[in-house]
Amino acid sequence: MVWPTTVAELIEAQRALAVANPEPWRPGPLTVGGCFVCFPRGHTGIGAAGDPAWAAAVLLADGRRVGRYVVRATARGPYQAGLLALREGPLLEAAVRGLPRLPDVLLVNATGRDHPRRAGLAIHLGAELGVPTVGVTHRPLLATGEWPEPRAGAASPLFLEGELVGYWLRPRAAKRPIVVHPGWRVDPETALDVVRRCCARWRTPEPLRLARRAARTARARSG
DNA sequence: GCGACAG
DNA sequence: ATCTTGTCGC
């Protein structure tokens, strides 16, 4: 399979992903991956194809980092809500494929079913890699729901046209909640379970935090 | 027609 | 995504 390069191709791929019915994945002993793309400091707006970028992925086993890969890359297009795969999809795939092995489950900075065609980048990247995925974002794309109570670990459902598409989750009692999105082969409750296990120390799940740090460190070193 | 709208 | 200022804590 190849990443779509045009809006029409991506929309067609998203429609297929929305009705795909992969075998549900159940968490056993976990290796958890995280991946992240950053852009130059001072970068603003939606950008364009050719923007410099840094993509990183990390692999954690028993909470310890056992793999890391960072690659200098180039954005494939501008950012447009609902079409994030056109900008970051191939970059994230390249970062994850650079790991010593694929994770049991991968955390992605993107939505899943919370998407105009129910096929956000977390789902798309998981399908592409053949790896179960969970999306984590700062806010929903289209879904709505009340914030959970200010207690660490509290969660509340997010709905899109009547469908449960994810959860608000508060990793830290006093701080803003994050959004947890079931991705490829992952149901909402499993997604929540995976992310909770990764938030022992920080608001941002550890695999995403380490991938973000790795990408930004590379950016600082290579301008 | 206009604003909203993951990163 | 990135920016901004102070603030709290290890």
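Side chains included, hydrogens not; waters and symmetry mates left out as well; all remaining heavy atoms used. A, B, ... follow the sequence lines: proteins, then strands. Residue 1 opens every chain.
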Visitor: Write down the distance between NZ (Lys175(A)) and P (dT7(C)), rounded to a whole number of angstrom.
Guide: 15 Å
Visitor: Just wondering, more than 12 heavy atoms not from Arg97(A) lying within 6.0 Å of its CZ?
Guide: yes
Visitor: Could you check whether Arg113(A) gets within reach of a base, just the sugar-phosphate, or nothing at all, counting any heavy atom under 4.0 Å?
Guide: nothing
Visitor: For DNA chain C, what dot-bracket results from Watson-Crick or G-U pairs at under 3.5 Å, with [ ] for crossers and | for inter-strand partners?
Guide: ..........
Visitor: Regarding Arg15(A) and Glu12(A), does a basic nitrogen lie under 4.0 Å from an acidic carboxylate oxygen?
Guide: no
Visitor: Atom CZ in Arg203(A), atom CZ in Arg170(A): separation rounded to 0.5 Å?
Guide: 10.0 Å
Visitor: Would you name the heavy atoms of Ala154(A) and Glu149(A) that are closest together and state the gap between them?
Guide: CB-O, 3.4 Å
Visitor: If we count only N and O atoms by modelled type, under 3.5 Å, do the side chains of Trp54(A) and Ser222(A) hold a donor and an acceptor together?
Guide: yes
Visitor: Whether Arg212(A) contacts dA1(C) is assessed here as follows: a side-chain N or O lying under 4.0 Å from the phosphate OP1 or OP2. Is that the case?
Guide: no
Visitor: For Arg172(A) and dC8(C), give me the distance from atom CZ to atom P, rounded to whole Å.
Guide: 19 Å
Visitor: Can you tell me if CZ on Arg197(A) sees more than 12 non-hydrogen neighbours from other groups inside 6.0 Å?
Guide: yes
Visitor: Heavy atoms under 4.0 Å is the rule here; annotate nucleotides 2-7 of chain B 5' to 3' with B where the base is hit, S where only the sugar-phosphate is, and - elsewhere.
Guide: ---BBB
Visitor: Flag the pair Arg118(A) and Glu161(A) as a salt bridge only when some basic side-chain nitrogen lies within less than 4.0 angstrom of an acidic carboxylate oxygen.
Guide: yes
Visitor: Does a side-chain N or O of Arg41(A) approach OP1 or OP2 of dA1(C) to a distance below 4.0 Å, or not?
Guide: no
Visitor: Is the NZ or CZ atom of Arg87(A) positioned over Phe39(A)'s six-membered ring, under 6.0 angstrom from the centre and within 45° of the axis?
Guide: yes
